[in-house]
Amino acid sequence: MDKVYPDVDSVIADIPDGASIAIAGFFTAGTPIPLIQGLARQGAKDLTLICMQMGPGNEDIAQLFMNGQVKKAICNYPFYRSASRGANSPVEKAVRNGEVEMEVYPMGTFTEKLRAAGAGIAAFYTPTGVGTVVEGGKEKRKFGNREYLLETALKPDYSFVYAQKGDRMGNLTCHKTARNYNPEMAAAGKITIAAVENLVEIGEIDGDTVHIPGIYVQRVVKVDRPNYFPTID
Amino acid sequence: MDKVYPDVDSVIADIPDGASIAIAGFFTAGTPIPLIQGLARQGAKDLTLICMQMGPGNEDIAQLFMNGQVKKAICNYPFYRSASRGANSPVEKAVRNGEVEMEVYPMGTFTEKLRAAGAGIAAFYTPTGVGTVVEGGKEKRKFGNREYLLETALKPDYSFVYAQKGDRMGNLTCHKTARNYNPEMAAAGKITIAAVENLVEIGEIDGDTVHIPGIYVQRVVKVDRPNYFPTID
Amino acid sequence: MVDTVKKFKGLSRELIALRIANELEDGSYVNLGIGIPTLVSDWIEGRDIVLQAELGMLNTGPLASREDVEQDLINASCQPVTELPGSSYFSENESFAMIRGGYMDVAVLGALQVSEKGDLAGWSNPERGLPEEIGNIGGSMDLAVGARKVIIAMMHTTNDGDYKIRKECTYPLTAQGVVDLIVTDLAVIEVTKKGLLLREVAPGVSAEDVQSVTEPELIVSRDLQEIQL
Amino acid sequence: MVDTVKKFKGLSRELIALRIANELEDGSYVNLGIGIPTLVSDWIEGRDIVLQAELGMLNTGPLASREDVEQDLINASCQPVTELPGSSYFSENESFAMIRGGYMDVAVLGALQVSEKGDLAGWSNPERGLPEEIGNIGGSMDLAVGARKVIIAMMHTTNDGDYKIRKECTYPLTAQGVVDLIVTDLAVIEVTKKGLLLREVAPGVSAEDVQSVTEPELIVSRDLQEIQL
């Protein structure tokens with residue numbers, strides 16, 4: 001099996017308008033920035049982005065909003081911490097103006113919805129969000145003495161993930177806190193595209209250290225490590 | 001943090017009658033045999049064992065039945081494949097005679113119930129078992145066009161796990177297919193006891209290769225690697 | 001009920017496995033169950049097919065020779081196996097997430113009975129006399145509902161000559177309506193919405209012969225062929 | 001409503017963090033939220049306390065100096081950190097499994113408001129003018145319901161002198177009835193079934209002073225002490 005594509009443009013070429021795309025990364029760490037930049041060049045519209053952040057620490061995501069490519073955002077921490085900085089952000093403006101639909105989930109629920117999709121679980125009961133606006137119209141149910149909310153699986157058409165090392169079969173290893181959303185998003189995506197910093201031959205990765213088995217990864221592309229410095233204020 | 005106990009007998013000394021105990025391992029691989037043998041010496045009774053297998057490939061589990069220590073078994077593949085061999089097994093006899101209560105789950109449901117307990121998820125909907133005796137009295141519900149069963153979390157009082165390597169804080173690494181149930185059972189147990197083949201100092205395990213973070217492990221004991229050869233027929 | 005035992009001489013277990021190996025596409029991820037399915041691995045060495053061992057391994061290699069046995073490297077049948085370049089390990093839970101999540105292109109499973117609607121009964125033989133909800137379920141129920149394609153590998157009838165391909169399964173079900181293809185010593189039969197489509201027959205065996213040991217009525221393919229090995 | 005801004009001079013943010021550090025037991029696993037809680041890490045270096053970074057790390061070390069910055073090693077506030085012997089990494093999903101599963105002994109969180117029943121409002125300030133269900137939830141809701149003990153670190157009133165400790169929260173809730181202890185610049189207050197128990201006051205501040213900037217009625221502990229640092 002050789003899942004390697006020659007470059008970023010070819011690996012994302014077929015993404016159609018209206019696709020849902022999960023993008024891994026915690027603010028900056030482990031974010032497949034070259035794929036996001038490619039998506040801006042590629043130009044697909046009416047996208048649903050599924051990503052923890054929507055701008056802070058990630059100007060490339062914000063660019064997709066500025067390009068008018070985003071219809072809906074499913075996220076956890078979309079805005080800058082600072083209200084004044086947020087007021088000038090294209091993402092927050094687009095949400096205020098009603099140009100973009102947005103759903104926000106607690107961090108654990110957000111990642112568990114993706115995990116459920118990859119794991120063939122239709123829905124699950126979590127204690128998080130009970131008694132808050134997160135309840136929305138969701139089913140609330142008691143197990144033992146405690147109340148839980150029913151949350152359903154979230155399956156993206158595509159997942160963009162990032163790995164420090166990957167082989168041609170798509171086996172991936174992540175580095176330190178850059179692992180974050182990558183494993184569960186890789187499993188959730190109908191088509192998962194991995195941007196890897198170091199492309200190695202099959203057999204070079206010790207099977208006990210694989211963080212993302214290749215079965216979850218349909219396409220692999222070698223990228224240069226993007227240089228970034230974190231800020232979320 | 002130093003979670004190391006001097007020996008098997010001291011690490012399991014407090015397990016009371018009536019405790020539920022999850023025991024990791026796929027037949028032979030990754031099974032904490034010295035802890036099971038210790039439990040036979042320790043003598044706690046009316047136990048609920050939560051373990052994939054109940055005898056095949058694991059004579060030490062069968063010994064707990066012969067000792068009369070087991071009240072209930074929650075499992076997946078309890079018996080020998082061969083009906084004639086099974087007819088002579090103490091486990092199958094105890095079940096036939098109604099001396100032991102037994103619940104059997106599909107393998108994915110069995111491990112997911114434990115995973116849910118460790119992950120604070122009260123219950124989940126799985127497609128496995130729909131239209132079979134596994135349905136029992138469980139809630140059946142449609143999501144999309146497909147039916148799913150509601151299965152609830154299963155939280156053991158104790159979990160026995162096995163690791164090739166462990167440090168004094170309880171960070172563990174497993175070896176090849178001996179990983180199997182160990183990570184999720186470690187997370188599920190109220191008190192998790194790890195039998196480790198190689199006890200190392202804190203800092204000797206690369207953080208990116210840890211399979212079971214120490215937070216899940218309350219006690220560690222060094223054991224000699226048991227020598228076994230698999231058979232499940 | 002079929003009144004004669006082993007009416008017809010068909011393929012060996014090894015050749016059933018070979019026929020199934022030919023059905024597998026390059027680039028696919030495959031799980032092989034216990035029994036005849038395990039033999040499929042002998043026919044795909046060197047092919048671009050990744051086998052999963054349900055206890056938590058991808059790219060499982062051939063059975064280990066005695067001197068290569070590693071206690072920590074076994075397959076779901078508890079047999080010592082070997083690793084290949086690109087093998088990876090993960091937890092049992094992850095393995096079944098993968099299976100339920102739809103990542104296995106093909107599961108090859110044994111069966112006690114298969115119905116014309118594709119129902120599968122494979123985990124429990126009531127003749128063993130255990131309570132009906134108790135037995136060795138193993139990974140079969142998850143594989144049956146999770147795999148994109150389910151291929152059954154079995155002898156066409158029981159050792160006593162009883163129907164295994166039936167209008168309705170009389171044994172406890174593994175899953176409903178999941179079987180896509182049945183490969184036996186006598187025939188290759190596809191489960192379609194219209195019924196069971198007989199596509200191939202073993203050398204020296206006719207469509208009528210196959211029908212005589214099959215309870216539901218078979219649709220005989222216009223392109224009926226001898227099993228190609 | 002409190003009519004004067006910053007009536008009393010209390011502890012600095014750093015000393016609030018120190019008081020909380022003294023509350024943490026050796027051998028515990030602790031998650032520190034954004035803001036004052038992050039400062040707690042400065043007071044526990046060398047102690048037998050394991051910090052979790054919610055993006056997927058245990059045993060997080062001190063902030064990295066400029067030359068030690070690694071892009072792949074940050075905390076939940078997106079600050080470059082360092083590792084310690086025994087650090088481990090895992091996925092975000094595993095991290096929240098841990099949090100919801102009850103493995104964090106203590107979560108130290110900031111707050112916009114806390115009610116006398118222990119309700120916490122910390123993720124959304126309606127004055128920002130966003131739709132009510134939209135904002136930076138982050139990991140706060142999971143930590144609030146998952147941690148065995150929730151300690152709030154905050155200034156006693158808003159910058160405008162408004163009550164932050166209230167009969168009912170008026171801001172969107174993070175979770176209901178989860179707060180165990182409130183540590184502010186003026187006081188240490190325990191949330192009990194009977195109400196808010198004032199246990200400690202800042203130097204030069206009386207129980208009456210604290211009550212004057214706290215909406216619900218405080219129960220004054222018989223052992224009321226000056227905050228021990």
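Below, chains carry the letters A, B, ... as their sequence lines are ordered, and counting in each starts from 1. Values reported hereafter were calculated over all heavy atoms of this structure, with side chains retained and with hydrogens, waters and symmetry mates removed.
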Query raised in the report: With Glu168(C), which residues qualify under salt bridge (charged side-chain N to carboxylate O under 4.0 Å, His left out), at least two apart?
Result: Lys117(C)

Distance-only check: which donor-acceptor pairs of chain C and chain A lie under 3.5 Å?
unit_1	atom_1	unit_2	atom_2	d
Tyr29(C)	OH	Lys3(A)	NZ	2.7
Asp48(C)	OD1	Met1(A)	N	2.8
Asp48(C)	OD2	Met1(A)	N	3.2
Gly86(C)	O	Asn171(A)	ND2	3.2
Tyr89(C)	N	Gly207(A)	O	3.1
Asn93(C)	OD1	Arg115(A)	NH2	2.9
Glu94(C)	OE2	Tyr216(A)	OH	2.6
Arg100(C)	NE	Ala119(A)	O	2.8
Arg100(C)	NH2	Ala119(A)	O	3.1
Tyr103(C)	OH	Ala187(A)	O	2.5
Tyr103(C)	OH	Gly189(A)	O	3.1

Report task. Not counting sequence neighbours, which residues clear salt bridge (charged side-chain N to carboxylate O under 4.0 Å, His left out) with Glu116(C)? List them please. Result -> none

Query raised in the report: With sequence neighbours left out, what residues match Ala144(C) under side-chain contact (heavy atoms from CB on, under 4.5 Å)?
Result: Leu109(C), Leu120(C), Thr174(C), Ala175(C), Val178(C)

Query - chain C contact via Ala188(A) - which portion, at a heavy-atom distance below 4.5 Å - result: backbone

Query - Residue pair Met98(C) / Pro213(A): nearest heavy atoms and the distance that separates them - result: CE-CG, 3.9 Å

